[in-house]
There are 2 protein chains.
Amino acid sequence: MARQARALATRQAVLLAAAEVFDERGYAAATMSEILDRAGVTKGALYFHFRSKEELALAVIEGQGAWLATWQPSSDSPVQTLIDLGYAFAHALQDDPLVRGSIRLTIEHGSFTQPQIAAYQGWSDVARGLLERARDAGDLHPGVDLAAAAGVITGAVTGIQLSSQVLTDRRDLIQRMADLWTLVLPGLVQPHALARLSVAERVPS
Amino acid sequence: MARQARALATRQAVLLAAAEVFDERGYAAATMSEILDRAGVTKGALYFHFRSKEELALAVIEGQGAWLATWQPSSDSPVQTLIDLGYAFAHALQDDPLVRGSIRLTIEHGSFTQPQIAAYQGWSDVARGLLERARDAGDLHPGVDLAAAAGVITGAVTGIQLSSQVLTDRRDLIQRMADLWTLVLPGLVQPHALARLSVAERVPS
DNA sequence: GGTAGAATACCTACTGGACGGTATGCGGCC
DNA sequence: GGCCGCATACCGTCCAGTAGGTATTCTACC
């Protein structure tokens with residue numbers, strides 16, 4: 001077990017370094033050498049754990065699903081949960097290198113096509129599920145197309161995150177999320193439900 | 001003039017081929033050889049017109065500003081103009097290789113940082129200007145933060161376009177734009193103005 | 001209106017370097 | 001002493017960019 005622990009540590013170091021470099025440079029511009037340097041690992045070690053650059057990238061992308069899997073709904077109303085999820089994700093984007101790298105690789109379509117689709121679908125499905133629960137609770141406007149709304153919200157979060165990254169290195173991401181909800185919620189939820197929601201971030205005390 | 005005509009033709013051929021390759025592969029993964037092949041031009045010709053790969057990419061990015069510059073407002077209400085602009089842009093993304101390549105390079109931050117910021121700002125400014133006119137016309141809800149709304153709309157369009165590209169190669173982009181406006185407009189414009197807007201695409205007869 | 005010569009526009013062949021990936025060797029824990 | 005986990009050295013490929021020559025077209029003068 002002890003020697004497996006060492007192996008796991010280097011594997012994690014490689015994964016973290018790869019996520020950072022992929023986040024900063026993108027897949028094609030990222031070089032194995034830089035990943036090696038940053039991980040403090042040699043080529044042999046890396047290629048022992050990952051058979052190719054692409055396999056390494058896929059492992060980084062996995063980090064996104066892992067984050068979403070560990071996320072716990074905030075037990076409130078479904079719409080509030082969706083809002084909170086957005087903020088939690090925003091903070092992960094600001095702080096968690098693995099999530100950052102994963103998102104950049106997801107957004108950068110090209111070399112590998114399948115996992116990106118899965119990632120987008122994953123987010124859209126989560127949003128859709130929450131919206132369904134909200135509709136069943138009578139919180140939404142009657143005519144709302146759930147699939148369409150889920151798609152728009154997923155896409156909008158993607159784009160807002162991107163523009164925030166380009167313009168302010170994600171410093172104003174939280175504010176932009178609040179702006180999004182302010183603009184979108186009136187078209188989604190009924191006034192009585194809107195009154196119970198907190199659009200701004202609810203900091204866990 | 002005649003010599004300029006020939007030169008201009010090869011320059012355009014290079015620009016078009018570059019936009020296509022950048023669109024398909026991204027900046028780093030795009031190779032000059034592929035651009036040369038597709039343009040049917042030799043290296044010497046290309047490097048006569050563009051001094052480096054980066055300069056070529058910048059020229060492609062310019063295409064976006066050029067498109068926006070040639071665009072003519074549809075003389076309606078400001079909000080309707082904004083909606084129409086979205087659809088016009090969507091069609092350009094589906095059909096115009098230069099716009100496609102330009103957008104991909106804009107979204108792909110990294111190597112060159114300045115022009116992307118300018119591009120985002122350009123779109124945001126246009127949206128902001130139209131929203132200001134809409135507010136002055138009394139179409140918007142009183143408390144709307146114009147800058148925030150413009151930023152959200154710009155970002156949302158960016159993201160929707162991206163997810164549509166990844167999921168369906170932009171085939172459902174028009175539909176997603178309609179979904180966006182359906183969701184966003186109620187939080188933006190007052191009911192009396194909303195009634196006069198056509199959210200779905202207005203095909204010019 | 002024909003021609004010299006000067007730009008302009010383009011072509012071919014090449015280079016140095018970096019990149020992803022591999023072959024092989026070796027130390028240390030079981 | 002065997003195998004897991006890594007280290008080192010190396011390889012073939014490909015890439016952006018350049019050097020230097022050649023063709024094409026414009027300008028100017030007769």
Side-chain angles (χ1 to χ4, degrees), chain A residues 1-61 101 104-105 108 110-113 115, chain B residues 1-61 101 104-105 108 110-113 115:
Chain A
M1 186 63 82
R3 78 174 192 274
Q4 278 190 14
R6 181 179 62 140
L8 210 76
T10 69
R11 196 195 139 90
Q12 278 304 111
V14 168
L15 214 55
L16 182 63
E20 286 178 14
V21 176
F22 283 141
D23 174 45
E24 291 168 23
R25 314 232 181 268
Y27 178 76
T31 71
M32 292 307 233
S33 323
E34 186 169 0
I35 295 175
L36 296 174
D37 284 359
R38 211 175 291 201
V41 167
T42 64
K43 232 170 199 192
L46 190 153
Y47 275 94
F48 175 79
H49 288 285
F50 305 94
R51 275 181 305 183
S52 69
K53 187 183 182 183
E54 178 159 351
E55 188 174 306
L56 180 54
L58 292 179
V60 169
I61 290 184
R104 166 121 196 205
L105 290 177
E108 227 179 53
S111 338
F112 24 80
T113 321
Chain B
M1 187 61 85
R3 79 169 195 274
Q4 281 189 12
R6 181 179 62 142
L8 211 76
T10 69
R11 196 194 141 90
Q12 277 305 110
V14 168
L15 214 56
L16 181 64
E20 285 178 14
V21 176
F22 283 142
D23 174 46
E24 291 167 24
R25 313 232 181 269
Y27 178 77
T31 71
M32 291 306 230
S33 323
E34 186 169 0
I35 295 175
L36 296 174
D37 285 358
R38 211 174 292 200
V41 167
T42 64
K43 231 170 201 191
L46 189 152
Y47 274 95
F48 174 78
H49 288 284
F50 305 94
R51 276 181 307 186
S52 68
K53 186 183 181 183
E54 179 160 351
E55 188 175 305
L56 180 54
L58 293 180
V60 170
I61 291 184
R104 167 121 195 204
L105 290 177
E108 227 178 52
S111 337
F112 24 79
T113 322

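Chain A is the first sequence line, chain B the second, and so forth, proteins listed ahead of strands; every chain is numbered from 1.
Protein atom CG of B/Leu8 is 16 Å distant from nucleotide atom P of C/dT8, rounded to whole Å. What separates CG of B/Leu46 from P of D/dC15 is a distance of 14 Å, to the nearest Å. Between the CZ atom of A/Arg11 and the C1' atom of D/dC4 there is a distance of 16 Å, given to the nearest Å. Here the P atom of nucleotide C/dT22 and the CD atom of A/Glu55 are 11 Å apart, to the nearest Å. Note: CZ (B/Arg25) to P (D/dC15) measures 11 Å, nearest angstrom. Here the C1' atom of nucleotide D/dC14 and the CD atom of B/Glu34 are 14 Å apart, to the nearest Å. The interatomic distance linking A/Met32 (CE) with C/dA18 (C1') rounds to 14 Å, in whole Å. Atom CG in A/Leu36 sits about 11 Å away from atom P in C/dC19, given to the nearest Å.
No donor-acceptor distance shorter than 3.5 angstrom exists from the side chain of B/Lys43 to the backbone of B/Met32, with no hydrogens or angles considered. With A/Glu34 contributing its side chain and A/Val21 its backbone, the two residues share no donor-acceptor pair below 3.5 Å. The main-chain N or O of B/Asp23 is found under 3.5 Å from a side-chain atom of B/Arg104 such that the two form a donor-acceptor pair.
The base of C/dG21 sits within donor-acceptor range of the side chain of A/Lys43, with an N or O pair under 3.5 Å.
Residue contacts for B/Thr42: at a heavy-atom cut-off of 4.0 Å it reaches a base atom on one of the strands shown. Here A/Ala30 lies in heavy-atom contact (under 4.0 Å) with sugar-phosphate atoms only.
Within the structure, a side-chain polar atom (N or O) of B/His49 is placed less than 4.0 Å from OP1 or OP2 of C/dC10. Using a 4.0 Å cut-off, no side-chain N or O of B/Thr31 falls inside it from OP1 or OP2 of D/dC14.
Minimum atom distance to the side chain of B/Ala45 is reached by C/dC11, of the listed C/dC11, D/dC6, D/dC15. The side chain of A/Phe48 has D/dC6 as its nearest neighbour among C/dC10, D/dC6, D/dA16.
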